[in-house]
Amino acid sequence: MRTVEDVVATVFGVERRSIDETSSPESVEGWDSMGHVNLLLALERNFKLSIAVADAIEMADVKKIKEILREYGVRA
Amino acid sequence: MNVTTSRPAEHERDGMRTLIAEAGAELLQSDAGTPERLSWLAQGLLRRSPMRLWEILRTRDTADIEQLAEPAALLSALAQRLLEDGRIRETEALRESATRWHVRLDGRVDHGLADAYARAGDTARAEERLRDLMKREPDNVDAVQLSYKLAKVSGRREQAHALLNRLVQMDPSMASAAFAYKERAGLGEGAGRPVRIAILSSYVVDPLIPFLDAECRGVGLSPSFYLGGFNQYVQEILSPSSALYSFNPEIVFLAVALEDLFPDISRMPPVEALARGHDEILERIGTLVRELRTRSKALIVVHELALTDWSPNGILDNRQPNGLVGWVETLNRALTESLAPHEAYLLPLRQVVGRVGTREGTDRKLRYMARMRFAEAALRELARYSMRYVKPLKGLTRKCVVVDLDGTLWGGVVGEVGADGIQLGPTAPGVEFVEFQEALLNLTRRGILLAACSKNNPDDVLPVLRDHPGMVLREQHFSALRIHWRNKADNLREIADELNIGLDSLVFVDDNPIERELIRLVLPEVLTVELPRDPSRFRPLLEDMSDFEVLALTREDEMRATGYQVARQRQALERASTSLNDYLHSLELRAAIGRARPAHLHRLVQLFNKTNQFNTTTRRYHTADVEGFLRSAAHHVYVLRVADRFGDHGLVGTAVVHDTGDTWWIEAFLLSCRVMGLSVETALLKRIVDDARSGNATRLVGEFVPTAKNGPAEDLYRRHGFRAALGAQAAIRWELDPRVDRMESPTWISVEASDA
């Protein structure tokens, strides 16, 4: 299964190797507010779930994304 | 399983062996002891001799196992290999060891074991493994399928039916619905209530039946179906001796396709043809419905007429006299009017198919090949929608929705963040909850009742219900309110009693999975909604439910909620004084009150700094301050411990009193929110009054300094007979005379002194 890092790399069109748990809007080119919406949709598609707006706002970096996905029962 | 397709020559194999041995040796020397290396070696052993690997592993402890790179994958693979070799005993031993090592094996291991037991005829053991598996992986379709087979061969018919329900629920595909439908025919009827459903159609609707069957079974009905012969609906309705009437249907669906009634529709018919078509179709369906009505008491549901294709007029369709979109619109409206006097309903087919999308939902090839019209997704949706007629017909309409508050009607916990902090308003996060509330309010217009059941302090919740600008639902929309800390199963029973409806009329909506689990377990007749974590899904989920339909709307339905509201206000006082009293007595509360000692220092500082709600002055004393009070003869610091029959709450209240001789000042008085609403504050206050009296004080003064959060403490002094005195700035001062004013502890608290 594709990991959160894989999805982030695909959405922003960057090398998979350049993404790790610390990756965030500050460090990834293109991760702006619109990019965040695209990422949200890609995560929902990839993990087959629906993410609350309150949670989407909290997704400040890859590590936090994983924590939140775990709340949805995803083993990320 | 060693499957070799081509066998290499002997010398080639020797060469290969050498190569592998060399590679292995190299790996052994490099990176000695890394998890990858160990796993690599174990993998090799797994392929060559799983038994050998098991022999090595079985004696290891958790620390050894943690050395492996992916222990779960390796051990699961080993278990699979052992099973393939028929080694059930070793697989069981491995399964036990895995638990000891805290390794979670793949669900396929339990499934494989169950399968092996089943084949050996050991049904009991097989089911035990399946139960474990389904507890761990509730979505495991294979496990349910195997459980079903076991139930079937053991002749447990009800259980087999229930497992088929679960199977279709987990995998709602046409294949699985058809499988279940076919199996049921062989099982014999279950315990459900019968319902006789007839479907008459101009096209092939056979594949709808398994979906409809599954929907009916899911709500405890045992349906029997009458499927009209292909395109014979006219004869069947018009002939009094037809099989349709001897079937004696309770509900008849009439599904006739527009192109079957009016084949010219796809050839750009001119205006005159359309006008003629309109009249003919109305006349034809009108006659059928009239005839059906005279010969049958069944509920009649006619599918709306729908265009399959884009209009041949293109974007000019709505400007042409022979425009098709407007024509169909008018036709359906006329049809609705002609149906109403015969108690027949028009099913909004275009909306139903639109839910899944016309492109996904209709299939031309099915039409050409099989005379079918709808594809899998649309059939499932149509079956679901059809239940909106079946359920009220069979008295399965749910009459009341019981909602939780925090996390369900608004985002966040109001007791923690306050009314200003909850998510509820015009922007997200918050708008999701507003729209969900609107959907709930819409239900009340249909005569469905609302009740709230929340573990909360009424003082936190009522201001939100009454004044929060984002609330769509107000106190008067709820026919019953249960806002306190008792268990929700009892509350639901009470609500059903109070509203005089059955538990099977309740729907329970709560964002907390633990509460949902409790209700599912204790009150299975209540319909517990599986609320997703994302609140933007709440409204569509509620609106997709087919449990709130009524076949007719009366003025009483619309008024019902108001009637309950009046009755509730009348009963509220009475209930508050009787049941609350009983409840408090049942807690067997014990309060221990005494002077603070240095040992309490840490907890006191914590209380002074963390307590926001029941805190009269919110003065944040730190360690040095409290130490000062304890040393000072002019300060009395009280501590309150509370216990009830469920356990000890610990040190949950304190008060700081400044003793100036004649006057005693209560500078701080606070309670942990854990014990709010139990009146333990009265016991503490009484002790202070008594001490002031024996200290010959003539005045006891309490201060209240309002903050955004300390509303619960606002009326502490008023409630206890203090008189309002002058307020300095924001503070309000209250006083009484300890020489004459007496105070009593509540009868449900046994108070003891805990002074050293």
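Below, chains carry the letters A, B, ... as their sequence lines are ordered, and counting in each starts from 1.
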Peer 1: Under 4.5 Å from any heavy atom of chain A, what part of B:P532 do you find: side chain, backbone, both or neither?
Peer 2: neither
Peer 1: For A:I57, is it the side chain, the backbone, both or neither that has a heavy atom under 4.5 Å from a heavy atom of chain B?
Peer 2: side chain
Peer 1: Just list the donor-acceptor pairs under 3.5 angstrom between chain A and chain B, please.
Peer 2:
{"unit_1": "A:S50", "atom_1": "OG", "unit_2": "B:D534", "atom_2": "OD2", "d": "2.6"}
{"unit_1": "A:I51", "atom_1": "N", "unit_2": "B:D534", "atom_2": "OD2", "d": "3.4"}
{"unit_1": "A:D55", "atom_1": "OD1", "unit_2": "B:R533", "atom_2": "NH2", "d": "3.0"}
{"unit_1": "A:D55", "atom_1": "OD2", "unit_2": "B:R533", "atom_2": "NE", "d": "3.0"}
{"unit_1": "A:D55", "atom_1": "OD2", "unit_2": "B:R533", "atom_2": "NH2", "d": "3.2"}
{"unit_1": "A:E71", "atom_1": "OE1", "unit_2": "B:R533", "atom_2": "NH1", "d": "3.3"}

